[in-house]
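So that the names make sense, note that chain A is the first sequence line, chain B the second, and so on, each numbered from 1. All values derive from a computational prediction rather than experimental measurement.
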Amino acid sequence: MSPARRFPPAAQALIDGDRRALARLITGAENDDPGAREVLRAIYPHTGHAWLIGLAGPLGVGKSSLINALLAHVRSLGKKVAVVAVDPSSPFSGGSVLGDRIRLDRPPDDPGIFIRSMATRGHAGGLARATREVVRLLEAAGFGIVLVETVGSGQVDVEIRQVATTSVVVLVPHLGDEVQTLKAGLFEIADVFCVNKSDLPGADRARRDLAELASLGSVDPGWRVPVVATSTTIPSGIPELWQAIEAHEHYLDSSGKRLEGERRRLTQEILALAESRFVADLSRDPSLPRRVEPVLAHRIDPETAARRWWQERRKGRA
Amino acid sequence: MPAAKKQPPIRVLIAKPGLDGHDRGAKVVARALRDAGMEVIYAGLRQTPEAIVQAAMEEDVDIVGLSILSGAHMALIPKILELMRKERSGRIPVFVGGIIPDEDARQLRKLGVKAIFGPGASLEEIVKSAKRLAGRAS
């Protein structure tokens with residue numbers, strides 16, 4: 001087959017490296033436009049090989065500054081790199097202030113860099129709903145490395161693992177005492193630990209604590225999670241951080257884990273997409289208000305109401 | 001089929017070209033636009049015209065707001081407008097806040113600036129104008 005002929009013009013522009021087409025398609029993906037969906041369908045066969053590096057960690061640990069340093073380092077190696085920086089939307093107004101760009105300093109005429117800010121728009125987990133789609137658009141436009149900055153994470157904002165091929169968990173000194181309690185959640189998703197602001201007192205302690213945690217094993221028994229100390233003010237540790245990321249990406253290839261991870265991520269993605277359709281479909285079911293009444297009157301419990309609904313719908317379909 | 005989809009938020013770039021460090025006005029406006037439901041890309045202080053135009057393109061914003069208090073507006077703003085045209089971003093409406101003498105304001109409007117706000121402008125007025133410029137008059 002010749003995919004080139006069936007290509008929507010916007011998809012062709014994207015693959016040809018038209019940055020404006022890329023920017024518009026990202027907006028389209030964020031807004032779930034039919035045109036962008038068509039492009040995403042067309043480019044999908046051309047995606048799936050990018051290194052998607054996620055940086056997660058609490059508010060203020062220096063994720064944006066690290067990305068800034070990594071950008072310069074990766075560019076010095078001659079690779080194209082894109083950044084997706086996610087910040088929260090207000091639960092009150094729906095608006096947001098996307099301020100990560102302020103720390104990203106780069107020559108404006110360098111076509112090897114593309115930076116985009118995204119708001120969560122009510123999506124939980126530390127990412128925007130359309131992050132995966134945006135990352136695919138960037139890959140199709142030739143950015144083989146995409147750095148994804150999550151919103152400042154709480155302990156359970158671990159959705160980055162559903163997107164990234166390598167997850168870097170960024171911490172700073174004096175979070176050390178929390179290590180034991182933080183172990184479930186954020187600490188579990190790390191492929192690389194980064195102790196940033198390592199010029200501050202307490203950095204050695206934090207590094208030791210994390211190294212100890214890492215030595216107890218990770219979700220992937222074949223990978224020993226490295227701990228890298230960095231400082232963006234000195235600066236130091238940036239090449240080492242990149243080496244650790246590269247080492248993990250190479251491990252994924254040599255161990256066959258890349259495909260395994262991709263299978264896990266795509267399974268989750270399909271499930272989530274199907275789920276949102278089911279939920280939308282269910283919420284429009286005209287029988288729903290009538291089903292609430294007996295529960296409201298405490299004649300039957302919510303679980304029973306849901307189960308009956310489910311069974312009746314299954315019968316109706318069969 | 002999803003019925004009557006919600007309109008996506010207006011995306012706006014707020015940037016300060018030039019060398020003055022007075023960013024309070026830009027921050028207050030950024031907040032007000034956020035509270036009006038917009039996605040504000042805050043590019044901050046001391047931005048070059050090239051960086052501002054690049055950000056407007058990559059972020060695919062609906063409007064651009066420039067804050068400038070250094071007196072260099074007649075050098076910087078025409079440069080930004082010209083670069084935007086060159087980069088095929090000429091359709092994006094630009095508004096300006098700062099200390100702009102009337103004569104300069106007339107000039108800037110002629111060059112394509114859609115709205116100019118001085119020290120007396122209310123946030124309500126700025127929000128309303130931003131919505132109108134983004135094609136979402138309420």
Fill in: Point-to-point distance, once rounded to the nearest 0.5 Å, from CD1 of B:I14 to CG of A:L98
12.0 Å
Discussion item. Counting heavy-atom pairs under 4.5 Å with chain B, which one of A:T27, A:I115, A:D109 comes out on top?
Written reply: A:I115
Worksheet item: Using non-hydrogen atoms only, which part of A:F114 is less than 4.5 Å away from chain B: side chain, backbone, both, or neither?
Response: both
Fill in: chain A contacts, top residue of B:G44, B:A51, B:P9 (heavy-atom pairs, under 4.5 Å)
B:P9
Worksheet item: Non-hydrogen atoms of chain B under 4.5 Å away: do they reach the side chain of A:R101, the backbone, both or neither?
Response: side chain
Item to complete: Measure A:I113 against the heavy atoms of chain B and call it side chain, backbone, both or neither at under 4.5 Å.
Response: backbone
Worksheet item: Got a sec: does the CG of B:L19 have more than 12 other heavy atoms crowding it under 6.0 Å?
Response: no
Discussion item. Measuring from atom CG of B:D60 to atom CG of A:L25, what distance do you get when rounded to the nearest 0.5 angstrom?
Written reply: 9.5 Å
Discussion item. Would the distance check show the side chain of A:R20 and the main-chain N or O of B:E87 forming a donor-acceptor pair, the cut-off being under 3.5 Å?
Written reply: yes
Worksheet item: When you look at CG of A:L59, are more than 12 heavy atoms from neighbouring residues, nucleotides or ligands closer to it than 6.0 Å?
Response: no
Worksheet item: Hey, does A:S117 have a side-chain heavy atom less than 4.5 Å from the side chain of B:E59?
Response: yes
Worksheet item: Looking at B:Q47, B:E50, B:M57, B:E58, which has the largest count of heavy-atom pairs under 4.5 Å with chain A?
Response: B:E58
Response to the item:
Within residues 29-39 of chain B, the residues sitting under 4.5 Å from chain A by heavy atom, in sequence order, are B:A30, B:R34, B:D35, B:G37, B:M38, B:E39
Worksheet entry | Toward chain A, the part of B:R88 with a non-hydrogen atom under 4.5 Å | both
Worksheet entry | Portion of B:A55 that has a non-hydrogen atom of chain A nearer than 4.5 angstrom | both
Item to complete: Identify which part of A:R106 has an atom lying under 4.5 Å from any heavy atom of chain B, answering side chain, backbone, both or neither.
Response: side chain
Practice prompt. May I ask you to name which of B:V40, B:I41, B:I10 has the most heavy-atom pairs under 4.5 Å with chain A?
Written response: B:V40
Item to complete: May I ask you to check whether over 12 heavy atoms, not counting those of A:R103, lie within 6.0 Å of atom CZ?
Response: no
